[in-house]
Peer 1: 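Please see the structure below; I have some questions.
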Amino acid sequence: WLKRQRGPLGSAPAALAAMGAEGLAPGDVAPHSALACRDRWLALQQLRESAGVVAFLMVVGPDSRFDRGSEVVFNWLINGLGGRNLLSAPLDASFEECVVCLTATRSTIFCKRAVHKDVAARTAMWESCEVVAPTREEELDMDSYD
C-alpha cells in the first residue's frame with residue numbers, strides 16, 4: 001500500500017500522518033525517519049526498474065572524486081533533504097566514503113563506523129538491506145581500509 005499511495009500529499013508517510021494513522025508519531029514521518037527513508041528508497045527502486053538497470057551504485061566522497069550528483073542523491077535518500085536545500089547543501093563530512101548499492105533483491109551500504117548506527121536506523125525499513133562498516137582495526141590501517 002505504501003508503494004501506491006501518492007497524490008496531493010506527495011508521499012506515503014505524509015499520507016499516513018494526514019490520515020491520523022493509529023500509533024504514528026510526528027517523528028515517524030520526519031525526513032530522516034526510517035519510514036520517510038523507505039518511501040524515498042521505494043521511489044529510487046521504481047526509477048531503477050523503469051530505467052531497466054540491474055543496480056544503482058552511489059559512491060560519495062573522495063572515492064567518487066566528490067561527485068556532486070552522488071552527493072545530491074545521497075542527501076535526498078539518506079538525509080531526507082529536498083527542494084533548494086537539496087541542491088545547495090554539501091554532503092555532511094561524516095558520510096564521506098559511503099557506498100550504496102541497490103538491486104531488485106538486495107541493498108548494501110558501506111559506511112564509516114562513526115555513522116553505522118545512524119545509517120542502520122534510517123534504513124531499518126528497507127527490504128533486504130545490509131549496512132556494513134569496517135572494524136576499528138581496519139579503519140586505523142589505511143591499506144586494509146582501502
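In this chain, residues are counted from 1 in sequence order.
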Peer 1: For the atom pair CG (L42) and CG (L47), what is the distance rounded to the nearest 0.5 Å?
Peer 2: 12.5 Å

Peer 1: Looking at CZ of R136 and CZ of R113, how far apart are the two atoms once the value is rounded to the nearest 0.5 Å?
Peer 2: 4.0 Å

Peer 1: Please name the pair of heavy atoms, one in L86 and one in V72, separated by the smallest distance, quoted to 0.1 Å.
Peer 2: CD1-O, 3.1 Å

Peer 1: Could you tell me which non-hydrogen atom of S33 sits nearest to which non-hydrogen atom of A36, and how far apart they are?
Peer 2: OG-N, 3.1 Å

Peer 1: If you define the side chain from C-beta out and look only at heavy atoms, does anything of K112 sit under 4.5 Å from P134?
Peer 2: no

Peer 1: State the CG-CG distance between L102 and L44, to the nearest 0.5 angstrom.
Peer 2: 5.5 Å

Peer 1: Taking T135's backbone N and O only, do any of them form a donor-acceptor pair with E138's side chain (distance below 3.5 Å, no angle check)?
Peer 2: yes

Peer 1: Donor-acceptor pair, E127 side chain versus R106 backbone, under 3.5 Å?
Peer 2: no

Peer 1: Quick one: does V131's side chain get under 4.5 Å of C129's, heavy atoms only?
Peer 2: yes

Peer 1: For D118, which residues count as a salt bridge (charged side-chain N to carboxylate O under 4.0 Å, His left out) partner, sequence neighbours excluded?
Peer 2: R122

Peer 1: For C111, does its backbone N or O pair with a side-chain atom of H116 as donor and acceptor, under 3.5 Å?
Peer 2: no

Peer 1: With rounding to the nearest 0.5 angstrom, report the CG to CZ distance, N79 to R40.
Peer 2: 8.5 Å

Peer 1: May I have all residue pairs that pass ring pair (Phe, Tyr, Trp, His ring centres under 6.0 Å) and include part of residues 41-84, sequence neighbours excluded?
Peer 2: W41-W126, F74-F95

Peer 1: Does the side chain of R48 come within less than 4.5 Å of Q45's, by heavy atoms?
Peer 2: yes

Peer 1: Taking side chain to side chain contact (heavy atoms under 4.5 Å, CB included) as the criterion, tell me which of V60, N75, V99 meets it with S70.
Peer 2: V60

Peer 1: If hydrophobic clusters are built from ILVMFWY residues whose side chains come within less than 4.5 Å, do V59 and V132 share one?
Peer 2: yes

Peer 1: Classify the side-chain pair D67/S64 by whether it contains a donor and acceptor separated by less than 3.5 Å.
Peer 2: no

Peer 1: Mind checking the SG-CG spacing from C37 to L77? Nearest 0.5 Å is all I need.
Peer 2: 5.0 Å

Peer 1: With rounding to the nearest 0.5 Å, note down the distance linking CD1 in I109 to CD in E130.
Peer 2: 10.0 Å

Peer 1: Would you say P62 and E96 make side-chain contact, with heavy atoms under 4.5 Å?
Peer 2: yes

